[in-house]
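Have a look at the structure below before the remarks.
It should be emphasised that the depicted structure is a prediction, and the values quoted were computed from it without experimental measurement.
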Amino acid sequence: MKQFVQIFRQCGPALSPEQQTQRAGEVRAWAAAQNAAGRKLDPRLLDGAACQIPPLVESGMAGVGAGAPIVAITFLEAASLGEALESVRTHPGPRYGVSIEVREWTVPQPLAAAVTPG
């Protein structure tokens, strides 16, 4: 199994309390189905407050904070990117103004030991 992360961004308008309750129920049902399929979800919700440090040099990239805020991330296991995308296609979030990005991830490799001239 490969490791993937789903990055959730809130793109739509704020939800009413009723919509939030409905979405929460749909997400719980979706998560149960994903876990039953062996995808081992590991979700994390992010607090609304964010502190950002801009780059110290001009990068030519979009400014810090450009785009919709990230509201949650979920780590999951899947056999392939296609399988990870299949799980996202069934997520209820997009019906509630949430975009979902999927990326494969790995644990960083340890730095090689410094070579000393000898």
Are Phe75 and Ile100 co-members of a hydrophobic cluster defined by side-chain heavy atoms under 4.5 Å apart?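 No, because Ile100 and Phe75 fall into different hydrophobic clusters, even though each may have its own neighbours under 4.5 Å.
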Are Trp105 and Ile7 grouped together when hydrophobic residues (ILVMFWY) are joined by side-chain heavy atoms under 4.5 angstrom apart?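 Same cluster: Trp105 reaches Ile7 through Ile, Leu, Val, Met, Phe, Trp or Tyr contacts under 4.5 Å.
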Check the orientation of His91 and Phe8. Use parallel for under 30°, tilted for 30 to 60°, and perpendicular for over 60°.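 Rings of His91 and Phe8: tilted, 30 to 60°.
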May I ask you to decide if Ser87's main-chain N or O and Trp30's side chain share a donor-acceptor pair within less than 3.5 Å?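 Present.
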Are any side-chain N or O atoms of Asp42 and backbone N or O atoms of Thr74, one a donor and one an acceptor, separated by less than 3.5 Å?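 Pair absent, no side-chain N/O of Asp42 close to backbone of Thr74.
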Gln10 and Tyr96: side-chain donor and acceptor closer than 3.5 Å?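 Per modelled atom types, Gln10 and Tyr96 side chains form no pair under 3.5 Å.
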Any donor-acceptor pair under 3.5 Å linking the side-chain atoms of Glu18 with those of Gln22?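 No pair is found: no donor N or O on one side chain lies under 3.5 Å from an acceptor on the other.
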Does the side chain of Leu46 come within less than 4.5 Å of Val71's, by heavy atoms?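 No; the side chains remain at least 4.5 Å from each other.
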Any side-chain heavy atom of Leu15 sitting closer than 4.5 Å to one from Arg23?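 Answer yes - side chains close enough.
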Measure the spacing between [atom1] of [X] and [atom2] of [Y] and express it to the nearest 0.5 Å.
X: Arg95; Y: Gln19; atom1: CZ; atom2: CD; value: 12.5 Å
X: Leu76; Y: Leu41; atom1: CG; atom2: CG; value: 6.0 Å
X: Ile70; Y: Leu45; atom1: CD1; atom2: CG; value: 13.0 Å

From the options Lys2, Gln6, Met1, select the one residue that forms a side chain to side chain contact (heavy atoms under 4.5 Å, CB included) with Phe4.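 Testing Phe4 for a side chain to side chain contact (heavy atoms under 4.5 Å, CB included) against Lys2, Gln6, Met1 leaves exactly one candidate, Lys2.
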Residue pair Cys11 / Ser99: nearest heavy atoms and the distance that separates them: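 Closest heavy-atom pair between Cys11 and Ser99: SG-OG, 3.5 Å.
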State plainly whether the residues Glu83 and Arg39 are in salt-bridge range, i.e. N to O under 4.0 Å.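 Yes, Glu83 and Arg39 are salt-bridged.
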Side chain to side chain contact (heavy atoms under 4.5 Å, CB included) evaluation trace for Arg9 with Glu101: CA-CA 8 Å; Arg9 295 178 186 272; Glu101 179 180 341; 4.1 Å; yes
Would one find more than 12 heavy atoms of other residues, nucleotides or ligands at under 6.0 Å from atom CZ of Arg103?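 No, the 6.0 Å shell around CZ holds no more than 12 heavy atoms from other groups.
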